[in-house]
2 protein chains.
Amino acid sequence: MDMPVRTSEDVDLDRLSTALGFLMRLAQLKIYERFFEEVGEYHLKPGEFSVLWVILHNPGIRQSVLGQRLMIKRAHMTKLIRALEDQGLVTRRVPDDDRRAVEITLTPAAADKVRQASHWFFTYEDSVGANLTKDERQQLTGLLRKFVGID
Amino acid sequence: MDMPVRTSEDVDLDRLSTALGFLMRLAQLKIYERFFEEVGEYHLKPGEFSVLWVILHNPGIRQSVLGQRLMIKRAHMTKLIRALEDQGLVTRRVPDDDRRAVEITLTPAAADKVRQASHWFFTYEDSVGANLTKDERQQLTGLLRKFVGID
DNA sequence: AAAAATTTGTTTACAAGGAAACAATCTCCA
DNA sequence: TGGAGATTGTTTCCTTGTAAACAAATTTTT
């Protein structure tokens with residue numbers, strides 16, 4: 001008699017279980033899941049943190065450049081930046097040499113906040129590969145860097 | 001004089017460039033981007049395909065089990081299944097031994113369609129790691145499998 | 001220099017996905 | 001047996017992110 005599977009461990013994924021796209025999706029969901037469990041005192045989502053972090057290290061960066069590097073579309077970047085501006089975390093400035101563009105800078109308070117949050121953020125990031133050995137983790141990071149084209 | 005960065009290659013990501021969560025997000029976006037460029041004749045999104053594929057290999061699977069395995073939340077699964085049902089691809093059946101549950105099966109037409117689409121899907125999946133060597137690709141797959149806990 | 005094409009950011013409308021509250025059913029235990 | 005609690009799926013509302021149309025400014029062509 002042909003019983004339907006009842007537990008998720010019994011599910012037959014067949015070739016899906018070696019498909020990079022599928023594995024990558026599961027991996028990212030796993031990371032984000034734990035991230036939100038532990039957001040801690042800094043109420044920053046991963047996306048917000050990475051945007052603020054990059055602005056901190058590249059003051060006066062333009063929205064478009066920021067978006068290209070973080071793979072965030074322009075329409076969405078507009079909303080992100082406005083939300084950050086509303087929280088008093090960033091300032092926008094239209095430069096004289098190109099009045100279409102917008103240059104983004106952190107407010108001093110935000111710079112402090114981001115530097116502090118970064119301790120927590122990178123500690124969390126380090127804990128992410130806890131079920132891998134140190135070597136495996138490094139290998140994975142290296143392969144992903146090559147895969148996405150970060151030299 | 002302190003010029004703001006103008007090109008995305010010049011952006012300083014600092015430690016973000018080795019953060020697993022960040023790299024994983026970029027990797028996934030890269031995969032999906034190319035996926036949608038090449039959807040071909042089967043108008044299936046990755047999520048839809050993987051759901052249909054798993055139902056094909058586990059006929060009569062319950063929504064909840066399907067969701068657990070693919071990491072899709074119940075609320076979202078309800079919508080996915082209804083959409084597939086509206087397209088005539090799946091049938092829902094409430095089993096006698098648990099009248100809360102719903103067992104999902106592919107219609108014969110859908111089974112054919114999924115089998116055919118799978119050729120294209122897995123060909124695409126194989127092409128995904130094209131900028132890695134065969135060895136690296138295999139390593140990456142293995143590490144990801146371990147990372148997400150697929151034995 | 002004027003016209004055409006491109007770039008930059010914004011707006012609007014929409015799709016994907018999740019959280020929380022809910023109803024129905026099932027399980028466990030006193 | 002009869003609650004109390006857990007599970008399953010659905011609904012409603014909300015967040016995140018995208019696509020397409022647009023306006024303003026810049027660059028390229030002629």
Side-chain angles (χ1 to χ4, degrees), chain A residues 4-8 21 25-26 28-37 39 43-51 60-87 90-104, chain B residues 4-8 21 25-26 28-30 32-37 39 43-51 60-87 90 92-104:
Chain A
V5 290
R6 292 297 162 84
T7 67
S8 81
R25 176 172 160 277
L26 290 192
Q28 212 199 335
L29 287 176
K30 186 181 169 186
I31 293 175
Y32 275 57
E33 206 171 53
R34 280 201 41 222
F35 188 97
F36 287 115
E37 282 168 10
V39 171
H43 299 287
L44 289 174
K45 286 158 257 179
E48 287 175 345
F49 175 80
S50 58
V51 166
I61 193 175
R62 294 181 180 186
Q63 278 190 208
S64 54
V65 177
L66 188 54
Q68 283 163 32
R69 188 81 253 213
L70 298 180
M71 289 230 232
I72 295 172
K73 296 279 152 58
R74 281 172 310 152
H76 187 40
M77 185 60 78
T78 295
K79 295 180 198 170
L80 282 180
I81 296 297
R82 178 156 53 224
L84 294 173
E85 196 182 21
D86 289 347
Q87 298 173 60
V90 307
T91 51
R92 303 167 18 126
R93 193 184 89 89
V94 172
D96 284 339
D97 64 319
D98 186 345
R99 314 219 334 276
R100 294 167 305 181
V102 179
E103 292 180 353
I104 315 290
Chain B
V5 289
R6 293 295 161 85
T7 67
S8 81
R25 177 174 159 276
L26 290 193
Q28 214 199 332
L29 287 176
K30 186 181 168 185
Y32 275 57
E33 205 172 54
R34 278 200 42 220
F35 189 97
F36 286 116
E37 283 170 9
V39 172
H43 299 288
L44 289 174
K45 284 159 257 178
E48 287 175 344
F49 175 80
S50 58
V51 167
I61 194 175
R62 294 182 181 186
Q63 279 191 207
S64 54
V65 178
L66 189 54
Q68 282 163 33
R69 188 79 255 213
L70 298 180
M71 291 229 233
I72 295 173
K73 294 282 152 56
R74 293 199 313 276
H76 187 40
M77 186 59 79
T78 296
K79 295 177 198 171
L80 281 180
I81 296 297
R82 178 155 53 224
L84 294 174
E85 196 183 20
D86 289 348
Q87 298 173 60
V90 306
R92 302 166 19 122
R93 194 183 88 90
V94 174
D96 284 338
D97 65 320
D98 187 345
R99 313 221 332 278
R100 295 166 304 179
V102 179
E103 293 180 352
I104 316 289

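Residue numbers begin at 1 in each chain, while the letters A, B, ... track the order of the sequences.
Rounded to whole Å, atom C1' of D/dG17 lies 14 Å from atom CD of A/Glu48. Here C/dT8 presents its P atom at 13 Å from CD1 of A/Ile61, a figure rounded to the nearest Å. B/Lys45 places its NZ atom 8 Å from the C1' atom of C/dA15, with the value rounded to the nearest Å. The CZ-C1' distance, from A/Arg6 to C/dC26, rounds to 13 Å in whole Å. As rounded to whole Å, 15 Å separates atom C1' of C/dG9 from atom CD1 of A/Ile72. One atom, CE of A/Met71, and another, C1' of D/dG17, lie 14 Å apart when rounded to the nearest Å. Here C/dT8 presents its P atom at 14 Å from CD1 of A/Ile104, a figure rounded to the nearest Å. Rounded to an integer number of Å, the gap from A/Glu85 CD to C/dG9 P is 14 Å.
The minimum heavy-atom distance between B/Ile61 and A/Pro4, with the atom names listed, is N-CB, 4.4 Å. For A/Val102 against A/Arg92, the heavy-atom pair with the smallest separation is CG1-CB, 3.6 Å. B/Arg69 and A/Ser8 get closest at one heavy-atom pair: CD-O, 3.1 Å.
Going from atom CD1 of B/Ile72 over to atom CG of B/Leu80 covers 5.5 Å, rounded to the nearest 0.5 Å. For the atom pair CD of B/Glu48 and CG of B/Leu84, the computed distance is 6.0 Å after rounding to the nearest 0.5 Å. Here the straight-line distance linking atom CZ of B/Arg62 with atom CZ of B/Arg93 works out to 9.5 Å at 0.5 Å rounding. Summarising the geometry, atom CE belonging to B/Met77 is positioned 6.0 Å from atom CG belonging to B/Leu70; distances are rounded to the nearest 0.5 Å.
A/Thr78 is listed as a side-chain neighbour of A/Gln63, based on a closest heavy-atom distance under 4.5 Å.
Sorted by residue number, the members of residues 76-84 of chain A with any non-hydrogen atom under 4.0 Å from DNA chain C read A/Thr78, A/Lys79, A/Arg82.
A/Arg25 places no side-chain N or O within 3.5 Å of a backbone atom of B/Gly47 that could act as its donor or acceptor partner.
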Could you run down the sub-3.5 Å N/O contacts of the protein with nucleotides 2-8 of chain D?
unit_1, atom_1, unit_2, atom_2, d
D/dT7, O2, B/Arg100, NH1, 2.8

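An OP1 or OP2 oxygen of C/dG17 is reached within less than 4.0 angstrom by no side-chain nitrogen or oxygen of A/Arg25.
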